Amino acid sequence: MSSELITVHQELELADPVLVVAFDGWVDAGFGMRNATEIMLKADDAALVASFDADLLVDHRARRPTMTVRDGRLDHISWPAIRLQQVSDLDQRAFLLLHGPEPDFRWQAFCAAVDELAQQLGVARVVSLGAYPAAVPHTRPVRLSATGTSQDLIERFGSPAGTLEVPAGISAALAKRFEAAGLETVSVWAQVPHYASGSPFPAATAALFQGLRTVADLRFDPAPLIAEGLEVSRRLDTMIAQNASHKRLLGQLESAYDTSMGESGEEIPTGDELAEELERFLRDQDESK
């Protein structure tokens, strides 16, 4: 590699591997993407392919390293790290996972370096993961949407209608770089209930794994996530059932999910309105314990 940003640790010979991109620090409601990354990295055969110079890419004052102190003695400092690793799914299909903190600096140089490495490794398709807060109820299946540069892949999930101008993450910058190189790219997004977006929402991770299976034929066991998701749903049910206004708001979200807003005739609360109501309630519940 010609880039000063990358250290290659081993050469690989893979047949048209999929590259999965999952960066901390970008939109990740309910920690859907973070939890998916942790599960993918648990593979016994996970191997380090390349690492990136975090000193050149990460603002350590914004994302400080973690220090471990034992009996007053500074024992260890754990630095933020951006890595490319080879991992496998349940069927032992090898793929590449690019993960770590989203770079703070030198985005263009970083994208060029990743693109060069992807070309050398023969990457055929790139899938980015994310989750965003939405005005949806926790009592319904998590919906997926998609953005990207491959219309065929986007249409498998649906995409936001119209034109949007929103802040971009590094995955979007990578997608445009990959598009110029002829690589198919898609970002798969899980829609997480706005009022539950600040704590783990396992159903979002399960949905992202379903999205990975749809676009990349990568398979992971959803059973533990489904069980955890049911427990989270029961806890939310119990809390919301104690307040009539919260039940009403949830019912409106359920109606909006099941039918179009134009047909329902009801005024649907915005995500911010619902978040303010339910987050206040959940906070009061925690303080009363």
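A quick note: this is a predicted structure, and the numbers were derived from the prediction, not measured.
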Counting only heavy atoms not in Arg61, do more than 12 fall under 6.0 Å of its CZ? no
So with a 6.0 Å cut-off around CD of Glu11, is the heavy-atom count from everything else above 12? no
Are any non-hydrogen side-chain atoms of [X] and [Y] less than 4.5 angstrom apart?
X      : Y      : answer
Glu38  : Leu41  : no
Val126 : Leu98  : no
Arg83  : Phe52  : no
Phe105 : Leu57  : no
Pro202 : Asn35  : no
Val58  : Ile82  : yes
Gln252 : Leu249 : yes
Leu14  : Leu121 : no

Contact list for residues 81-104, test ring-ring contact (aromatic ring centres under 6.0 Å, His included), sequence neighbours left out: none
May I have all residue pairs that pass ring-ring contact (aromatic ring centres under 6.0 Å, His included) and include part of residues 211-237, sequence neighbours excluded? Phe209-Phe220
List the atom pairs, donor and acceptor, that lie under 3.5 Å between side-chain atoms in residues 165-177 and the rest of the protein, sequence neighbours left out.
| unit_1 | atom_1 | unit_2 | atom_2 | d |
| --- | --- | --- | --- | --- |
| Lys176 | NZ | Glu179 | OE1 | 2.6 |
| Arg177 | NE | Asp115 | OD2 | 3.4 |

Side-chain donor-acceptor distances from residues 15-25 under 3.5 Å, at least two apart:
none

Straight-line distance of [X] [atom1] to [Y] [atom2], nearest 0.5 Å:
X      : Y      : atom1 : atom2 : result
Met33  : Tyr132 : CE    : OH    : 15.0 Å
Arg34  : Ile39  : CZ    : CD1   : 13.5 Å
Trp189 : Ser128 : CH2   : OG    : 8.0 Å
Met40  : Thr37  : CE    : OG1   : 4.5 Å
Leu117 : Leu5   : CG    : CG    : 11.5 Å

Return the minimal non-hydrogen interatomic distance between [X] and [Y], and the atom names on each side.
X      : Y      : value
Leu144 : Ala190 : CD2-CA, 3.8 Å
Ala46  : Val87  : CB-CG1, 3.7 Å
Ile6   : Val114 : CD1-N, 4.4 Å
Ala196 : Leu236 : CB-CD1, 4.2 Å
Pro141 : Tyr257 : O-OH, 2.8 Å
Val192 : Ala29  : CG2-O, 3.6 Å

Let me check something: do Leu48 and Leu12 share a hydrophobic cluster, defined by ILVMFWY side-chain heavy atoms less than 4.5 Å apart, either directly or through other members? no
Go through Gln85 and Val49 one step at a time and tell me if the side chain to side chain contact (heavy atoms under 4.5 Å, CB included) criterion holds. CA-CA 5 Å; Gln85 292 184 254; Val49 177; 5.5 Å; no
Under the rule for salt bridge (Lys or Arg N to Asp or Glu O under 4.0 Å), what residues qualify as partners of Glu184, not counting sequence neighbours? Arg125
For Asp28 and Gly32, indicate whether the former's side chain and the latter's backbone hold a donor-acceptor pair under 3.5 Å. yes
Show which residues join Ile226 in its hydrophobic cluster (side-chain heavy-atom contacts under 4.5 Å, direct or indirect), or state none. Leu230
Through direct or indirect side-chain contacts below 4.5 angstrom among Ile, Leu, Val, Met, Phe, Trp and Tyr, which residues connect to Phe31? none
Not counting sequence neighbours, which residues clear side chain to side chain contact (heavy atoms under 4.5 Å, CB included) with Gln92? List them please. Asp45, Ser88
Summary of side-chain hydrogen bond (donor to acceptor under 3.5 Å, both in side chains) pairs that have at least one residue in [range], sequence neighbours excluded:
range            : result
residues 204-230 : Asp91-Arg219
residues 100-114 : Glu4-Arg106, Arg63-Asp104
residues 134-144 : His138-Tyr195, His138-Asp237, Thr139-Glu254, Arg140-Asp258

Which pairs would a plain distance check flag for residues 67-81, meaning a side-chain donor or acceptor within less than 3.5 Å of a matching protein atom at least two apart in sequence or in another chain?
| unit_1 | atom_1 | unit_2 | atom_2 | d |
| --- | --- | --- | --- | --- |
| Arg70 | NE | Asp75 | OD2 | 3.2 |

The test is side chain to side chain contact (heavy atoms under 4.5 Å, CB included); show your working for Thr149 and Phe178 and say whether it passes. CA-CA 9 Å; Thr149 62; Phe178 290 140; over 6 Å; no
